[in-house]
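Index from 1, following the sequence. Note: hydrogens, waters and symmetry copies are ignored here, and every other heavy atom, side chains too, is used.
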Amino acid sequence: MQVVLWILMALTIEPVKLSSVNQIYDVKTRYYLKTVIPEFDTMPKESSIVSIGYTPKELVIYARNYQKGIHASSRRRDAEGMVRETEDCFYVYLATHGIGKDAYFIGVNPLGAMADRVISPSGITEWDGDIRAKARITDYGWDVLLIIPFSTISYNEGYWGVDFSRYIAGSNMKIQLLVPRKNPNDNIHIARMKLDFSYIKKSRGFSFFLIPSIRYTYNENKKELKGGLTARWRKGQSTLMEATVYPDYSELEADVQEFDISLLPVDYPEKRPFFVEGRSFYTPPVSFIRTRNIDLPKFGAKFYSTTENSIFTIYALNTNLVNDTSYNFLEFYRYAYNFSKSMRAGVFGIFSEIGYNLASFDFTNYFPKADINFDAEAARVIDNGANFVNLHISRSATQGVGGFLTLREIDSNFVSPLNYIQFNFDGIRWISGNLGYTKYFKKYGRLWVFGAKVYGRKVVDKYSKDRIMQILRPTVFWGPYPWFLILEYEGNKLDYLKSWIPDIHDVDVKFYKFGVFYNGSTWRNMQAVYGVGTYAGDRAYLYFLGIKYSFFGFINLGTADYRVIIPSVGQNILTLQLFGEIALPHHIFLKPYINYTGNCSDQRVFCKMENKTLNTNLIIAYEPKYLTGVYLALNRIKSGEEISKTGVLKFQVGYKMTF
């Protein structure tokens, strides 16, 4: 007879002892997830039933997911759809040091692709846990089996925090949780899990990972062969030591170009595992180092260690900065201490040979009853005495009222090559805020969503009180999910353009934007936006079309096309982009990226393009496991009559020994 457990807020889970993994299918104690979005439902038709057990070596979780129609297209580890919860996925949240501490977050989609992260009060970071996942699409939906070796995680022999969740994409978007709560991001009010640690086989719980690599780069003028080596020693998730010599930190990736109407540089995300993995351990609430400004390292080392209450991290690099030809030594560190489940304080520092040394202090607290986060942060550049102060209060909510308010003050000479683009201005006072409301409801047999938000920002010169920029952006969106109609007004005053563009006097921007969105899943969505208004006194237009679609479940292609006409700043730009990911058998992936950009001398929509550039990029990757594979990147750029060709061939083999 099945034992059905209705979940209470004080739920304590006791996994069943197993002698083998396959016994999980016979476990009678089962847990039913509850739908919290769009409405509370204790027995949804698309239900999820979870069984949990453990052998002496492994934690075993099995979920049976009832569903009509599968919305998943990702087949690669740590794919965007699972990380951002934009396709069907089953998730496990495991706080092995107790509720409110750092936790493992593991997701599996119906195609068997897996994403894993470590979540801490400082943020979310990559993880390379030795977890096995099996998924199977069935006539009733899909099943997933997760096997988590105790040797791959760090833990205390006490109560663990645990939660299961499921995201269902498509026309009936649902979020299901084991323990229903107003905010799914609230990781305080979750279940407890009790294990018999005398039954678990103790292991030394550490691994040694050796990653040699060879990289061959060529273009018309230069051919170069480089070898590199990375050695990593890890104990669970609590301690890591890593050293790398002549590394190629990154996979071979291309950024999909974006456009910002403010004309400020775009802060593209970091993608290199050396910096991404462990990011939350070295990042305070406001980061003072933009690692993408760090380029061409000779060697690097990092170390971090976490306990139940604290984190210590240090990175050391012999590197140079982008657009700088001289090598410099750089080191940055962080120490943070948890006073309670919701309160943390930390320090951060930078030491460098470029004359930029910094120290900061930060404090973070979460107020569960009000569902509010509060951050305070202060920093000082030791070399010139420039100070930074930041206060931030926020409330996140999937439904209902949410928003944030930020107050910031930065002295002159605070921005450096280490954090430029992350900070565009210094010598400023800054206030910004956002207030929004979102509601899901059912009408005419469909799930509908309504939302409204207002974003504002004002930046002034700290000393003269002159305005640098001012933004007001109210937005309204509604429609039958996954379709939305969006109306947005953008009223900006971009005074900093006066020092950038000669003879510009009117810096007002008034744009009205109308958009239609379809948000089915990661590779099944569409955006169409039309904007019209005035920019520095002239009529200006913005057109954007973005489409992502999955063909046959393994060919994922997208396009992001811009047309921006701003006569006052001499822009009539057309950008056409095609990108994607094609999953072939035997762990082979193709990643094409094509970017065409042209500029027109007159201001018509249909005109002959000049200064045309065609950038073609193709990445072929054979990636059988994490940090192991063969990568080939081919790039061809044609700008006018000039053509440049480059290529990179990389061999990387990771050998991991677990003890």
Subject >> salt bridge (charged side-chain N to carboxylate O under 4.0 Å, His left out) partners for D375, two or more places apart >> reply: none
Subject >> W483: partners by ring pair (Phe, Tyr, Trp, His ring centres under 6.0 Å), with sequence neighbours left out >> reply: Y518
Original post:
Between S550 and R524, is any side-chain donor less than 3.5 angstrom from a side-chain acceptor?
Top reply: no
**OP:** Determine, using ring centers only, whether W160 and Y155 are less than 6.0 Å apart.
**Re:** yes
Original post:
Between N109 and E87, is a side chain to side chain donor-acceptor pair (under 3.5 Å) present by the stated rule, with each step listed?
Top reply: CA-CA 8 Å; N109 74 0; E87 65 178 65; 2.9 Å; yes
Original post:
What residues form a ring pair (Phe, Tyr, Trp, His ring centres under 6.0 Å) with F105, not counting sequence neighbours?
Top reply: Y91
**OP:** Could you name each residue pair satisfying salt bridge (Lys or Arg N to Asp or Glu O under 4.0 Å) that touches residues 445-457, not counting sequence neighbours?
**Re:** none
Original post:
Closest heavy-atom contact between E270 and T291?
Top reply: OE1-OG1, 2.5 Å
Original post:
Have N419 and R290 got a donor and an acceptor in their side chains that come within less than 3.5 Å?
Top reply: no
Original post:
How would you list, by chain and number, every residue that makes a side chain to side chain contact (heavy atoms under 4.5 Å, CB included) with I372, sequence neighbours excluded?
Top reply: F367, A370, I393, R395
Original post:
In chain order, what residues pass the salt bridge (charged side-chain N to carboxylate O under 4.0 Å, His left out) check against K194, with sequence neighbours excluded?
Top reply: none
Subject >> Selection residues 52-73 - residue pairs positive for salt bridge (Lys or Arg N to Asp or Glu O under 4.0 Å), sequence neighbours left out >> reply: E58-R132
**OP:** May I ask you to decide if the ring planes of Y66 and Y140 are parallel, tilted or perpendicular, using 30° and 60° as cut-offs?
**Re:** tilted
Subject >> Y199: ring pair (Phe, Tyr, Trp, His ring centres under 6.0 Å) partners, not counting sequence neighbours >> reply: Y54
Original post:
On the ring face of W448, is K443 found with NZ or CZ under 6.0 Å from the centre and within 45° of the axis?
Top reply: no
Original post:
Considering the options D362, N338, T364, which one meets the side-chain hydrogen bond (donor to acceptor under 3.5 Å, both in side chains) requirement together with R344?
Top reply: N338
Original post:
Can the ring centres of F404 and H392 be said to be less than 6.0 Å apart?
Top reply: yes
Original post:
Should the pair R166 and F90 be classed as cation-pi, given the thresholds of under 6.0 Å to the six-membered ring centre and 45° from the axis?
Top reply: no
**OP:** Using the test side-chain hydrogen bond (donor to acceptor under 3.5 Å, both in side chains), find all partners of R408 that sit at least two apart in sequence or belong to another chain.
**Re:** N390
**OP:** Anything under 30° is parallel, anything over 60° is perpendicular, the rest tilted; go ahead and classify F312 against F303.
**Re:** tilted
Subject >> Sub-4.5 Å side-chain heavy-atom contact between L59 and F150 >> reply: yes
**OP:** Return yes if some donor-acceptor pair links the side-chain N/O of N156 with the main-chain N/O of G158 below 3.5 Å, else return no.
**Re:** no
Original post:
Would a distance-only check, ignoring hydrogens and angles, find a side-chain to backbone donor-acceptor pair under 3.5 Å from E85 to G81?
Top reply: no
Original post:
With the threshold set at 4.0 Å, does a side-chain nitrogen-carboxylate oxygen contact exist between R292 and D267?
Top reply: no
Original post:
Below 6.0 angstrom between ring centroids: does that apply to Y62 and Y25?
Top reply: yes
Original post:
Mind checking whether Y282 and Y315 have ring centres under 6.0 Å apart?
Top reply: yes
**OP:** Take atom NZ of K17 as the centre, draw a 6.0 Å sphere, and report whether it contains more than 12 heavy atoms from other residues, nucleotides or ligands.
**Re:** yes
Subject >> Sidechain-backbone polar pair: E377 side chain, V286 backbone, donor-acceptor under 3.5 Å >> reply: yes
Original post:
Would F423 and F388 count as a close aromatic pair, with their ring centres under 6.0 Å?
Top reply: yes
**OP:** Please check if the side chain of W142 supplies one atom and the backbone of R136 the other of a donor-acceptor pair under 3.5 Å.
**Re:** no
Original post:
Are a donor atom and an acceptor atom from the side chains of S432 and W430 found within less than 3.5 Å of each other?
Top reply: yes
**OP:** State whether a side-chain donor-acceptor pair under 3.5 Å links S198 with D196.
**Re:** yes
**OP:** Output all residues satisfying ring pair (Phe, Tyr, Trp, His ring centres under 6.0 Å) with Y335, sequence neighbours left out; order by chain, then residue number.
**Re:** none
Subject >> Partner residues of A135 under the side chain to side chain contact (heavy atoms under 4.5 Å, CB included) criterion, sequence neighbours left out >> reply: V108
Original post:
OG/S48 to CD/Q176 distance, rounded to the nearest 0.5 angstrom?
Top reply: 4.0 Å
Original post:
Any luck finding a side-chain donor-acceptor pair between T86 and S521 under 3.5 Å?
Top reply: no
Subject >> Set of side chain to side chain contact (heavy atoms under 4.5 Å, CB included) partners for F361, sequence neighbours left out >> reply: A345, V347, F363
Original post:
Could you give the distance from CE (M114) to CG (L146), rounded to the nearest 0.5 Å?
Top reply: 7.5 Å
